[in-house]
Each structure stands twice: as structure tokens, then as C-alpha cells.
2 protein chains.
Amino acid sequence: MPLYQLIAKIDNNSDDERINGDHMKQKITLKKIAKEFDVSISTVSKALKDSHEISEELKEKIQAFAKFYHYKPNSLALNLRNQKTKTIGIIIPQIIHHFFTTVISGIEYVANKNGYNVMICMSMDSYEKEVLNMDMLANGVVDGIIVSVAKETEEKKDYAHFKGLINNGIPLVLFDRVIDEIKCNKVLTNDVDGGYLATKHLINIGCKRIAILTTPDFVTVGKLRLEGYKNALGNSNMDFDEELVIQINEEHDITDQIKQLFSLKNPPDGVFAVNEIYAAIAIKTANKNGLKIPDDISILGFTDGLISQYTTPSLSTVAQHGYHIGQKSTELLLNEIEFQDTEYQYQTKIIETDLIIRESTKKLNIP
Amino acid sequence: MPLYQLIAKIDNNSDDERINGDHMKQKITLKKIAKEFDVSISTVSKALKDSHEISEELKEKIQAFAKFYHYKPNSLALNLRNQKTKTIGIIIPQIIHHFFTTVISGIEYVANKNGYNVMICMSMDSYEKEVLNMDMLANGVVDGIIVSVAKETEEKKDYAHFKGLINNGIPLVLFDRVIDEIKCNKVLTNDVDGGYLATKHLINIGCKRIAILTTPDFVTVGKLRLEGYKNALGNSNMDFDEELVIQINEEHDITDQIKQLFSLKNPPDGVFAVNEIYAAIAIKTANKNGLKIPDDISILGFTDGLISQYTTPSLSTVAQHGYHIGQKSTELLLNEIEFQDTEYQYQTKIIETDLIIRESTKKLNIP
DNA sequence: CTGTTAGCGCATTCAA
DNA sequence: TTGAATGCGCTAACAG
């Protein structure tokens, strides 16, 4: 008795086990269904798509059979046939950075909502790994790629792999760490404004000498936040003092580099750190140096990460809205992927930052 | 003039741009190469594999041509042909948990080293998303899957999707949050021992009343760490006091739940928190209640995450070695994927924990 | 030494 | 209403 007749005899709510048994269930394909009903593969294909070309009777039988065996078209075959995978790739420098995980969450959310899956790769801030990952993803594995550029790539300024990608016609969105000379969709934090906002707030609460803990210049975001810092000082007619700019070298002990500030003849009464880690370390260092936060010194960070809420005192900071950045990047990417017309216009979205005031900065005195 | 003759005229170091131009470079395939040389596709295929069946002369020309155009076999076609993707899937509850990102890093490292890529999915601790992700991955997309079970799944105890996966013959490794009744490779933290270690240390430094901040019972890891806590108390002839067990309900304010401890008639002088967040909040709460840490109260956490080093005082904790867990999981998975013989033996690897002593616990007095 | 054929699983156009 | 043929890109067994 053919299997499809068996189905009728089996309660629809029956336990899967009865069919699967303990044995390995081999995947069910169009071919197998076709053989079962002694029809052609294309007939089955159409029947499962509820095509009007197929008789109701046959469609019903085939559909019931397919449903019973949980038939699902094989992704690999579909990918090859359609020349697309409904998957988008992400290349980020480090997954252990909280900011990136929030971005990923945002990407995942929008991607899934639109029927896409997500493939995450890490460049570990290495140029070579970035290129490798990109080659892999570009080779048909994904329909588009979202990237935040590796530090080493920023340093080398070698962007050939990005150009190649675009020449290959693979949609690309850059976020956070972007590259000016690459023409593509971009989503970035308003870092200059964020730096300005942070510094301005320190000024507003009465800080007279504001230090900045930043990165080396080749890390774009650090450079931009520094720019915002300078703008805010200038805007308030405060002097810019080189002495108060610490470009952290992560190869050496960070605490030591920060400590210098407190032994200055004229030490700062405010610190703006361009990321959460520097800020957290600044808090601990200030604490250890006997400074009261925020009475003796106010400290403000960047990125509303995991740490901010749990330092003592909790850290005032600039929120970067990673989740939103991820969402926006994905929307742009999917737009480009599914774009049909001839003239596609690249966009650059700026995501604004917000101040989150906690305990590490003095209260604003509103007169 | 056929293209392959052109190649000879172009300096090998030439700029890609000359070929790619500003136009979209369409992917080069075996077929196109075959047409170029007016040979069959299989001849090209063999030539590129340096088969001895092909004449040296032809091989050279074809290889040069392919290299020049950066020919790479199309992944989708290979996947379909080989019925495998050289990709492994991961399903984790939350990517924003630092522990999971360390595990992912470990997975990524071992996978890449062995020529595999990684596809990360998030269940968001939802049963439904876990099932969806698994169905997607199981449908040919990956060669094997590594999972840490969603909370909701643990609560429902509905493991049909795991059984289905195994029936389908798809290798599965469970880590951290595992399921006893599923037969597969497993990697887990020695949570009982970790809980024991933590509690014992608090006892050793002289704590007399030790509270525990744990999860509801259905979260297995919380339950196990509680078990270790009880063991340590028993082992030291200390009373187990229900009053000192707080099962945190994350739907409500955590600080409020912890505060109860400090208003007990007989308050604790030690706190063991089964994760980093609870510990960090405990530190802040104790601080606010005017308690000196570690003089009045010692606090010990679990998981060496991002936060631990930046709390004030920095948090003593139990290191869970997520990176190692990820590595081990992947080794097991790849073993199973590439296993050829008939009788495969599942293993369960226990990863031991380690105490990391920082400032939130009293110094051990060695007499 | 080179080509033909078949097949991976599916969708689609065209023919019957 | 159904089926055959074609192709997505690649490999491998088999023929010549």
C-alpha cells in the first residue's frame, strides 16, 4: 500500500515518532514525493505551490503527504536556483564589545522580520581576517554585507576589498567605523556632536579644566569625538590644553596613563572619556587617588554599555543607540538588495547621541 | 583576440581596475572559462584541480586565466553538490550576555581554524524562536549545531525539536544550559562545584551567615549553583537558612529584592550571587545601605564578565572559562561531523571553574 | 588527454 | 491537467 494511503489511516495528531521511529529520518524531497505518487517532480512542485495548473484532488493528496512529512524545500537548492540566500553577512571587529552586540541585535531583529538570516564574522580588528571573511561572504554566501571596519584596515588605509565587493555588485553598508572614499550606504554615530555634547555638559556643570581620554588618531571615532571636545571648548572660550589630552595606548597599562592627569600642577576637574572602559578605569583611578566623584572631579563616558550602570558612582555617559544603528543599517541594506530600478541612491544616516546623566557628574544647577 | 591571449600582454602586477573597470564584474564561472578556451567544463574543472589528466600546456593557460580573474568555485554550487556547507550553527539565548560572546569567540576560533564558518542565531530565550532557528539551520544550512537552551524551553520542557534534529542525523552539541534526556555531546560548567567553591571561600574568610542570590529553580544553572552552596554549608556544619536564599524574579526590581537581606534581624555577612549582574547590584545596594565591602560584608559573583573588574570594589568571582567552553564544544561538534565509522560515542565534558579573588571579599588569613 | 553524462534539489518554460 | 526539458555551478564516473 503506498504511503500516501497510509496517511489517511493515521490520526492527524499522531505522534511523529510513529513515522520517524528511532531511525534516522532521511530528508524528504520533491523527487521522493513524486515517486510516491508516480507523478513528475514538476507536478509535485506545482502542487505544493497550490498552482491552478494541478487538479484539486491531486493537490490535496500531495499537500497532505508533504505536510505530514514536514516537507521543506532544501535551502541549498533554492539558493543555487535563485542565486540568493536570504542571508546577510556582518563583519565586526570584536563581538565581546557590548556596543557591537547591541548593533547585532538590531540587525537580527530587522533581518528576521524580513525573512533574512544573519551570518556573523569577526575580523578581530585584523586586516587579513577582514579580507578573508569578506571573500568568503562575497562568494555567494550572502545577499549583502554590513561592516564596521577593522582598526588595522583603518590604519593601513587599504580598501581594495571593499571596492572589489562593490564592483561585484554586492550591497554593502558600513556602520560606525566607515570609510569616506567608499561609495555605499552608511550609518554612523554623530561622534563630533557626541563629543561636543559631553564636553559642553561638563562645562555647564562648572568644570574649568576638562581632560579627554581618547584613542590614537587613526581610530576615526576617537578623532571625531576629540573634535567635538575641541569645538565645545572653543565655543565656550576655554583654552585647549595639550596637556589634558591623553591618547591611550592600549598596549601599555591604561591606569598609569590616566594617573598622569592627577599629578599635573593644574589637574583637571572634569574628564571626558571616549569610551566606557577608559571612563570606568578613570573612575577607579580617581577613587584610588582619593578624589571624590563628582565633587572633586566629574567623569563622563561614551557608549551606554553594560559597565556604566555598575560602576560606583554609576557613570554618566553618551548613549550611542547601537540597536537603532543596527536596525537602520539593515533597512538600508535590504532596500538595496531588493531594489529593482536602475538608479540607486546611496544614503548616509547619522544617528544622534543622547546624554545619560547618572552619578559621576555634578548636578546641573539651574539658577 | 580571445581574452586569454590578452592576459599575456598585461603585466601580472597590473591594477585590477583595468579589468574591472567601473563596471560591475560578473562572476566568473567554469562555464565562462570553458567557452573562452573552447573546451568542456569538466576539462576546466580538472585543469584547475591540477589533474594529471590534462596537458601541462592547457593547465597553465587555464590556471593563469582563472587566477587572473580571481576565479573561486561558487559556494552555493559546492554546498548543493557536497551536501554540506562547512558552516556550523549556533543558537544562544542572548548575544548581549558577555559570557555567550566569549563562548562564541571560542567557537569561531576553532571553527575557522578547521575551515568552517559560523552562523549565529539568537533565541532571545524564547521557545518559539529557538524552534524556528533550529528548523532553518537544520534545512541544509549548516553541518552541525551548537546550542545553549532558551529559558522558556527549559521551563516548558518541550524538547521535540532537539529530538527531531538528532533523528535527522544532524550533529548537535549542547553547552552550559543542557538537557539531560537528550543524547548528544555536551559541554558544561561544573556549576555545583563552582557554587561550592564560592561558598567555601566565603566560609574560609570567616563569613558566618552567607546569603545566596539565585534564579528561579527552572534555570538549571541557578539550581546547580544553589546545590553547591548547600553542599558547602553542610560540609562546614553550617545551617541552611531559607531566609538567606533570594530567588530573584527579574520581572520585578532587583535592588528591592536584595535590600530585604539587609533588614533581616540577623543579616548576612557574606553574599554569593550566581551571576555577575546580581553581584554588581548587590555591591551597589550594600554600598547604599552604608555597609563597607568587604569589611562588613563580602560579596562574591559568578562569571568573569566585563563588569567585575570595574565595580567598586572590584568583584571577586568564579571564572567560567567561556572561551574554553566554546572551543571544546566546537571540537566535539567537528569530530562528530567528520566522524566516519559506525559507532560514535557521545561525550560530556565538564569545564572546571576557578576562583578569582579581587576586592569584594575579605583577605584569607593564613595563620 | 579531453569530453559526455549524470546528479545534487528545485522552479519554470514550453510542449503535449 | 500533466510532464519533459533546461539551468543554477560544480564534480566525478565513465567513454572515447
Side-chain angles (χ1 to χ4, degrees), chain A residues 4 25-63 65-66 69-87 136 138-143 168-169, chain B residues 4 25-63 65-66 69-87 136 138-143 168-169:
Chain A
Y4 74 87
K25 174 170 63 179
Q26 72 276 43
K27 283 244 77 161
I28 180 114
T29 65
L30 288 187
K31 197 180 184 179
K32 285 181 198 152
I33 301 182
K35 191 156 57 178
E36 190 58 37
F37 286 89
D38 208 29
V39 296
S40 78
I41 292 177
S42 59
T43 302
V44 177
S45 173
K46 288 173 190 163
L48 292 181
K49 293 199 131 45
D50 216 11
S51 159
H52 56 273
E53 294 181 19
I54 309 293
S55 71
E56 281 304 324
E57 191 195 13
L58 184 55
K59 276 200 289 193
E60 254 172 48
K61 281 198 294 189
I62 291 182
Q63 287 173 6
F65 185 90
Y69 284 102
H70 304 116
Y71 169 78
K72 293 222 313 191
N74 178 292
S75 303
L76 303 184
L78 282 185
N79 290 347
L80 182 59
R81 168 122 236 294
N82 302 331
Q83 293 293 311
K84 63 181 181 195
T85 60
K86 284 285 200 172
T87 301
M136 187 274 291
N139 197 18
V141 177
V142 296
D143 299 342
N168 267 319
Chain B
Y4 75 87
K25 173 171 65 178
Q26 72 275 42
K27 283 244 79 163
I28 180 110
T29 65
L30 288 187
K31 196 178 182 178
K32 285 181 197 151
I33 302 182
K35 191 157 56 180
E36 190 59 36
F37 288 89
D38 207 30
V39 295
S40 80
I41 293 177
S42 61
T43 301
V44 178
S45 174
K46 286 174 192 163
L48 292 180
K49 293 198 133 44
D50 216 11
S51 159
H52 57 272
E53 293 181 19
I54 309 293
S55 70
E56 281 304 324
E57 190 195 15
L58 184 55
K59 276 200 288 192
E60 255 172 48
K61 282 199 293 187
I62 290 182
Q63 287 173 7
F65 185 90
Y69 283 102
H70 304 117
Y71 169 78
K72 291 223 313 191
N74 179 292
S75 302
L76 302 185
L78 283 186
N79 289 346
L80 182 60
R81 168 128 240 291
N82 303 330
Q83 294 292 311
K84 63 181 181 197
T85 61
K86 283 286 201 172
T87 301
M136 186 274 291
N139 197 20
V141 176
V142 296
D143 299 342
N168 267 319

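As a basis for the values below, the full set of heavy atoms in this structure was taken, side chains included, without hydrogen atoms, waters or symmetry mates. Here is the naming used below: chain letters follow the sequence lines, and residue numbers restart at 1 for every chain. Just so you know, these numbers come straight off a predicted model, no measurement behind them.
Rounded to an integer number of Å, the gap from B:K32 NZ to D:dG7 C1' is 14 Å. D:dA13 atom C1' lies 17 Å from atom CD1 of B:I41, rounded to whole Å. Atom CG in B:L78 sits roughly 9 Å away from atom C1' in D:dT11 (whole-Å rounding). As rounded to whole Å, 12 Å separates atom P of D:dC10 from atom CG of B:N82. As a whole-Å value, the separation of A:L80 CG from D:dG7 C1' is 9 Å. Taking atom CD1 on B:I33 and atom P on D:dT11, their separation rounds to 11 Å, with Å as the unit. We find that NZ of A:K31 is positioned 14 Å from P of D:dA4, with the value rounded to whole Å. The interatomic distance linking B:N79 (CG) with D:dT11 (P) rounds to 12 Å, in whole Å.
Mapping A:S42 and B:T29 onto DNA chain D by nearest heavy atom places A:S42 closer to the 5' end of the strand. Comparing A:R81 and B:S40 by the nucleotide of DNA chain C that holds the closest heavy atom to each, the one mapping nearer the 5' end is B:S40.
Put simply, the side chain of A:K46 and the base of D:dG3 share a donor and an acceptor less than 3.5 Å apart.
Contact between the side-chain N/O atoms of B:S45 and the OP1/OP2 oxygens of D:dT11 is found at a separation under 4.0 Å. An OP1 or OP2 oxygen of D:dG3 is reached within less than 4.0 angstrom by a side-chain nitrogen or oxygen of A:T43.
Taking B:K84 as the reference, B:N82, B:D143 meet the side-chain contact (heavy atoms from CB on, under 4.5 Å) condition, with sequence neighbours excluded. Applying the side chain to side chain donor-acceptor pair (under 3.5 Å) criterion to A:N139, with sequence neighbours excluded, gives B:K27, B:S75. For B:D50, the salt bridge (Lys or Arg N to Asp or Glu O under 4.0 Å) criterion is met by B:K59, not counting sequence neighbours. Not counting sequence neighbours, the partners of A:K31 by the side-chain contact (heavy atoms from CB on, under 4.5 Å) test are A:T29, A:I41. Checked against side chain to side chain donor-acceptor pair (under 3.5 Å), B:K46 has the following partners two or more places apart in sequence or in another chain: B:E53. Shown here are the side chain to side chain donor-acceptor pair (under 3.5 Å) partners of B:T87, two or more places apart in sequence or in another chain: there are none. Taking B:S40 as the reference, B:S42, B:T43 meet the side chain to side chain donor-acceptor pair (under 3.5 Å) condition, with sequence neighbours excluded.
The shortest side-chain heavy-atom distance between B:Y69 and B:I33 does not fall under the 4.5 Å cut-off. Residues A:H70 and A:I28 fail the side-chain proximity criterion, which asks for heavy atoms closer than 4.5 Å.
Counting non-hydrogen atoms of neighbouring residues, nucleotides and ligands closer than 6.0 angstrom, the NZ atom of B:K35 reaches no more than 12 such neighbours.
Note that the CD atom of B:Q83 and the CG atom of B:L78 stand 12.0 Å from one another [nearest 0.5 Å]. Separating the CD atom in B:E57 from the CD1 atom in B:I62 is a distance of 10.5 Å, to the nearest 0.5 Å.
With a heavy-atom cut-off of 4.0 Å to chain A, the contacted part of DNA chain C has its first and last nucleotide at C:dC8 to C:dT13.
DNA chain C is contacted by no residue of residues 51-60 of chain A, taking any non-hydrogen atom closer than 4.0 Å.
Contacts of A:L30 with the nucleic acid, taken as non-hydrogen atoms under 4.0 Å apart, involve only primed sugar atoms and P, OP1 or OP2.
Out of D:dC8, D:dC10, D:dA5, the shortest distance to the side chain of B:Y71 is found at D:dC10.
For the helix from C:dC1-D:dG16 to C:dA16-D:dT1, the axis fitted to the five pairs at one end and the axis fitted to the five pairs at the other end meet at an angle of 70° (nearest 10 degrees).
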